[in-house]
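In what follows, residues are counted from 1 in the order of the sequence shown.
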Amino acid sequence: MGDTRISIMAKGVPQRDEDTWQRQRALLQRSGATYDAETRAWWLVLDPADGQRTAASLACLFKAARNYGATVRVMDPITEMPAAAPDPSPSPSKSDGGSAT
(Lines give C-alpha, C1' and ligand atoms only; values in the text may rest on other atoms or scores of the structure.)
Protein backbone atom coordinates (compact mmCIF):
# COMPACT_ATOMS: atom_id res chain seq x y z
CA MET A 1 0.00 0.00 0.00
CA GLY A 2 1.34 3.46 -0.93
CA ASP A 3 2.03 6.39 1.32
CA THR A 4 -1.24 8.20 2.03
CA ARG A 5 0.22 11.18 3.87
CA ILE A 6 -0.69 14.63 2.60
CA SER A 7 2.00 17.26 2.26
CA ILE A 8 0.85 20.87 2.64
CA MET A 9 2.75 24.10 1.95
CA ALA A 10 1.47 27.45 3.22
CA LYS A 11 2.83 30.94 2.72
CA GLY A 12 1.78 33.84 4.88
CA VAL A 13 1.06 37.24 3.40
CA PRO A 14 2.67 40.42 4.77
CA GLN A 15 0.15 42.34 6.86
CA ARG A 16 -0.33 46.04 7.60
CA ASP A 17 0.57 45.77 11.26
CA GLU A 18 2.49 43.49 13.60
CA ASP A 19 -0.60 42.30 15.52
CA THR A 20 -2.30 41.07 12.35
CA TRP A 21 0.92 39.39 11.20
CA GLN A 22 1.23 37.64 14.57
CA ARG A 23 -2.39 36.39 14.41
CA GLN A 24 -1.75 34.94 10.96
CA ARG A 25 1.50 33.38 12.15
CA ALA A 26 -0.23 31.88 15.21
CA LEU A 27 -2.81 30.14 13.00
CA LEU A 28 -0.08 28.68 10.81
CA GLN A 29 1.78 27.45 13.90
CA ARG A 30 -1.40 26.09 15.48
CA SER A 31 -1.94 23.96 12.37
CA GLY A 32 1.22 22.08 13.30
CA ALA A 33 3.18 23.48 10.36
CA THR A 34 6.83 24.35 10.78
CA TYR A 35 8.55 27.28 9.10
CA ASP A 36 11.38 26.63 6.65
CA ALA A 37 13.53 29.74 6.14
CA GLU A 38 15.04 28.42 2.89
CA THR A 39 11.68 28.13 1.11
CA ARG A 40 10.10 30.92 3.20
CA ALA A 41 7.08 28.66 3.66
CA TRP A 42 5.28 26.66 6.31
CA TRP A 43 5.25 22.88 5.81
CA LEU A 44 2.98 20.24 7.25
CA VAL A 45 2.54 16.53 6.61
CA LEU A 46 -0.85 15.13 7.53
CA ASP A 47 -1.93 11.55 8.01
CA PRO A 48 -5.54 11.13 6.84
CA ALA A 49 -5.86 8.19 9.23
CA ASP A 50 -5.74 10.76 12.05
CA GLY A 51 -8.92 12.47 10.93
CA GLN A 52 -9.34 14.69 13.97
CA ARG A 53 -5.84 16.17 13.74
CA THR A 54 -6.08 16.51 9.96
CA ALA A 55 -9.40 18.37 10.24
CA ALA A 56 -8.08 20.68 12.97
CA SER A 57 -4.90 21.44 11.00
CA LEU A 58 -6.78 22.15 7.78
CA ALA A 59 -9.24 24.38 9.65
CA CYS A 60 -6.34 26.53 10.92
CA LEU A 61 -4.75 26.73 7.47
CA PHE A 62 -7.98 27.63 5.72
CA LYS A 63 -8.77 30.23 8.37
CA ALA A 64 -5.34 31.79 7.74
CA ALA A 65 -6.14 31.81 4.02
CA ARG A 66 -9.62 33.27 4.47
CA ASN A 67 -8.74 35.87 7.10
CA TYR A 68 -5.25 36.92 6.01
CA GLY A 69 -4.79 35.79 2.40
CA ALA A 70 -2.28 33.03 3.16
CA THR A 71 -1.67 30.62 0.30
CA VAL A 72 -2.30 26.94 1.10
CA ARG A 73 -1.28 24.26 -1.40
CA VAL A 74 -1.47 20.48 -1.40
CA MET A 75 1.82 19.17 -2.76
CA ASP A 76 2.30 16.20 -5.08
CA PRO A 77 4.24 13.58 -3.07
CA ILE A 78 6.22 12.47 -6.13
CA THR A 79 7.18 15.75 -7.79
CA GLU A 80 7.05 17.87 -4.60
CA MET A 81 5.32 20.50 -6.73
CA PRO A 82 1.78 21.83 -6.14
CA ALA A 83 -0.69 19.08 -6.95
CA ALA A 84 -2.69 19.69 -10.10
CA ALA A 85 -6.41 20.18 -9.68
CA PRO A 86 -8.58 17.87 -11.72
CA ASP A 87 -9.83 19.39 -14.96
CA PRO A 88 -13.40 20.55 -14.21
CA SER A 89 -14.41 20.61 -17.86
CA PRO A 90 -16.34 17.59 -19.07
CA SER A 91 -14.48 15.31 -21.40
CA PRO A 92 -15.53 15.69 -25.01
CA SER A 93 -18.08 13.12 -26.06
CA LYS A 94 -17.61 11.21 -29.22
CA SER A 95 -20.43 11.62 -31.65
CA ASP A 96 -21.68 8.78 -33.75
CA GLY A 97 -22.37 11.21 -36.56
CA GLY A 98 -25.89 11.99 -35.44
CA SER A 99 -27.47 8.77 -36.51
CA ALA A 100 -30.49 7.62 -34.56
CA THR A 101 -31.15 4.00 -33.84
Side-chain angles (χ1 to χ4, degrees):
M1 181 178 262
D3 188 359
T4 60
R5 293 178 299 171
I6 302 168
S7 184
I8 307 283
M9 185 270 300
K11 286 197 172 195
V13 175
Q15 302 296 316
R16 286 183 267 195
D17 60 76
E18 185 66 19
D19 287 341
T20 305
W21 169 252
Q22 290 302 328
R23 286 192 300 273
Q24 174 184 232
R25 186 171 169 260
L27 279 171
L28 294 169
Q29 286 178 316
R30 196 173 319 135
S31 75
T34 55
Y35 185 74
D36 176 59
E38 186 177 323
T39 61
R40 299 181 67 180
W42 295 82
W43 294 89
L44 175 64
V45 176
L46 297 171
D47 180 358
D50 187 353
Q52 195 169 24
R53 178 177 178 268
T54 296
S57 294
L58 289 174
C60 287
L61 292 172
F62 293 138
K63 187 173 183 181
R66 182 182 63 236
N67 293 355
Y68 305 106
T71 301
V72 178
R73 293 193 175 126
V74 175
M75 306 303 282
D76 184 298
I78 297 169
T79 65
E80 296 181 0
M81 299 296 291
D87 185 358
S89 62
S91 58
S93 61
K94 298 197 178 188
S95 171
D96 64 355
S99 63
T101 56

State the CD-CZ distance between E18 and R25, to the nearest 0.5 angstrom. 8.5 Å

Residues at least two apart in sequence or cross-chain that pass side chain to side chain contact (heavy atoms under 4.5 Å, CB included) with R53, listed by chain then number, are L44, L46, D50, S57

Would you check if the side chain of Q24 reaches a backbone N or O of G12 as a donor-acceptor pair within less than 3.5 Å? no

Across all chains, not counting sequence neighbours, the side chain to side chain donor-acceptor pair (under 3.5 Å) partners of Q52 are none

Return the set of residues passing side chain to side chain donor-acceptor pair (under 3.5 Å) with D19 (not counting sequence neighbours), or none when no residue passes. none

Only pairs at least two apart or in different chains count here, so list each ring pair (Phe, Tyr, Trp, His ring centres under 6.0 Å) that has a residue in residues 43-82. none

Kindly compute the distance separating CG (L61) from CG (L27), expressed to the nearest 0.5 Å. 8.5 Å

Partner residues of T20 under the side chain to side chain donor-acceptor pair (under 3.5 Å) criterion, sequence neighbours left out: D17, R23

Under a 4.5 Å cut-off applied to non-hydrogen side-chain atoms, are V74 and S7 in contact? no

Pairwise ring pair (Phe, Tyr, Trp, His ring centres under 6.0 Å) hits with a residue in residues 8-37, at least two apart: Y35-W42

dist R30:CZ -> K63:NZ (nearest 0.5 Å) comes out at 6.5 Å

Worked verdict on I6 versus V45 for side-chain contact (heavy atoms from CB on, under 4.5 Å): CA-CA 5 Å; I6 302 168; V45 176; over 6 Å; no

Test side chain to side chain donor-acceptor pair (under 3.5 Å) applied to D47 - qualifying residues, sequence neighbours left out: none

